[in-house]
Amino acid sequence: MSSYQKELEKYRDIDEDEILRTLSPEELEQLDCELQEMDPENMLLPAGLRQRDQTKKSPTGPLDRDALLQYLEQQALEVKERDDLVPFTGEKKGKPYIQPKREIPAQEQITLEPELEEALAHATDAEMCDIAAILGMYTLMSNKQYYDAICSGEICNTEGISSVVQPDKYKPVPDEPPNPTNIEEMLKRVRNNDKELQEVNLNNIQDIPIPMLSELCEAMKTNTYVRSFSLVATRSGDPIANAVADMLRENRSLQSLNIESNFISSTGLMAVLKAVRENATLTELRVDNQRQWPGDAVEMEMATVLEQCPSIVRFGYHFTQQGPRARAAQAMTRNNELRRQQKKR
């Protein structure tokens, strides 16, 4: 045991409460002032919280900001300005730089025909810009000026060679119209197994209640006419993914399923992929752009599903790993070749 630890042993059995009871009010006030000193070296704390309040004077009154600013301004005006060590006289020292004229050597001088000399002398900036582009002098102009002069048969550069590049005009793109699908009417038609209903498109409808989507997936189990089922950007999560997986295990007419741009995690995607193995009619599956990356295990499962399900010929997902990407590309090539051979027969 070190000497420091031996020194601390004698303070182990001290009763702090007993010591506090024996202190006088003046000693308690002094102790309170000492404890208010928090951390003077902590720059993250405000200045008023780094140490105790040591002000002994009583306040003279409420804060008057305007009076304080007026006093500071008056005090600054009364301070005498410092004299400059070297007074400013406005005298300019040195000589201005004049670029020397460069004489063109005789071997670099080019003599053109009088007609060309006259044409170039009277050419406008736009014409000179087009001529420079045709001659391949792309460093004298912007990329837009260069490609406009090369691709267009007319003179289209009106700014000149030394002009500032102007930005292209912004072309506003109108927003897509909202999805006009009536969800309740769609659910009723799916339950009644309507012959004319072959596509269920609920894309971009973000206020669909989860129970209604679950009922729709439940109705799809017995439907025999719907060929395409799309739930893009409907804020669907794992509960809807599990309902879709249960639907795939029983439905035998669905050919296209799109659940992109949702909040489905790796657990929900894994459930959907396992259900795809039990479905032999699905030809298109799109699961890309979820809220979070599903992980390596899900990407490997995707590649395995594509290898084991020859019916899938279109798959929508952007792989991040090279191994699953290569396996998926090979499996899709094989599946499309099998489909082509079946059509020949």
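Basis for what follows: all heavy atoms, side chains included, without hydrogens, waters or symmetry-related copies.
Looking at Q70 and Q74, their side chains never bring a donor and an acceptor atom within 3.5 Å of each other. Between the side chains of R235 and Q206, a donor-acceptor pair is found at a separation under 3.5 Å. In this model, a donor atom of one side chain and an acceptor atom of the other lie less than 3.5 Å apart for N262 and T234.
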Atom pairs and distances, donor-acceptor, side-chain atoms in residues 61-69, under 3.5 Å, two or more places apart:
{"unit_1": "D64", "atom_1": "OD1", "unit_2": "D66", "atom_2": "N", "d": "3.4"}

Donor-acceptor pairs under 3.5 Å, side chain of residues 308-316 to any protein atom, not counting sequence neighbours: which ones?
{"unit_1": "S311", "atom_1": "OG", "unit_2": "L282", "atom_2": "O", "d": "3.1"}

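In this structure, the side chain to side chain donor-acceptor pair (under 3.5 Å) partners of N203, at least two apart in sequence or on a different chain, are N201, S230. Among residues two or more places apart in sequence or in another chain, the side chain to side chain donor-acceptor pair (under 3.5 Å) test is passed with Q342 by none. Under the side chain to side chain donor-acceptor pair (under 3.5 Å) criterion, T181 pairs with N179, sequence neighbours left out.
Side chains of Y225 and D194 form no contact here, defined as non-hydrogen atoms less than 4.5 Å apart. For the pair E196/R189, a side-chain contact is recorded, criterion being any heavy-atom separation below 4.5 Å from C-beta on. Side-chain contact between L213 and I210 is absent, with no heavy atoms from C-beta onward closer than 4.5 Å. In this structure the side chain of L72 reaches within 4.5 angstrom of the side chain of Q75, judged on heavy atoms. Side-chain atoms of R191 and K188, non-hydrogen and from C-beta on, never get closer than 4.5 Å to each other. M186 has its side chain within reach of L197: a pair of non-hydrogen atoms, C-beta onward, lies under 4.5 Å apart. The shortest side-chain heavy-atom distance between R277 and T304 falls under the 4.5 Å cut-off.
Test V276, N279, L285 against L257 for side-chain contact (heavy atoms from CB on, under 4.5 Å) and you get one pass: L285. A side-chain contact (heavy atoms from CB on, under 4.5 Å) with V200 is found for exactly one of V226, L254, L231, namely V226.
Here the CD-CG distance, from E299 to L273, works out to 11.0 Å after rounding to the nearest 0.5 Å. In this structure, the separation between SG on C217 and CD1 on I240 is 6.0 Å, given to the nearest 0.5 Å. Taking CD of E199 as the start and CZ of R227 as the end, the distance is 12.5 Å to the nearest 0.5 Å. Atom CE of M247 sits about 10.0 Å away from atom CG of N223, to the nearest 0.5 Å.
Taking both residues in full, the closest heavy atoms of A245 and A275 are given as O-CB, 3.3 Å, listed atom of the first, atom of the second, then distance. Taking all atoms of both residues into account, the shortest heavy-atom contact from Q290 to I264 is OE1-N, 3.2 Å. Pairing each heavy atom of I183 with each of I205, the nearest pair is CD1-CG2, 3.9 Å.
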### Task
Go through the steps for L248 and E278 under the test side chain to side chain contact (heavy atoms under 4.5 Å, CB included), then give the verdict.
CA-CA 8 Å; L248 289 175; E278 305 177 18; over 6 Å; no
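Within 6.0 Å of the CD atom in Q341, the count of heavy atoms belonging to other residues, nucleotides or ligands exceeds 12. Shown here is K221, whose NZ atom has more than 12 heavy atoms of other residues, nucleotides or ligands within 6.0 Å. For R249, the CZ atom sits in a packed shell: over 12 heavy atoms of surrounding residues, nucleotides or ligands are nearer than 6.0 Å.
Look at R340 and E337 and you find a salt bridge, because one of the NZ, NE, NH1 or NH2 atoms lies within 4.0 Å of a carboxylate O, short of that distance.
Applying the salt bridge (charged side-chain N to carboxylate O under 4.0 Å, His left out) rule to pairs touching residues 322-334 yields E307-R327, sequence neighbours excluded.
Put simply, I208 and F229 are part of the same group of oily side chains (I, L, V, M, F, W, Y) that touch within less than 4.5 Å, one to the next.
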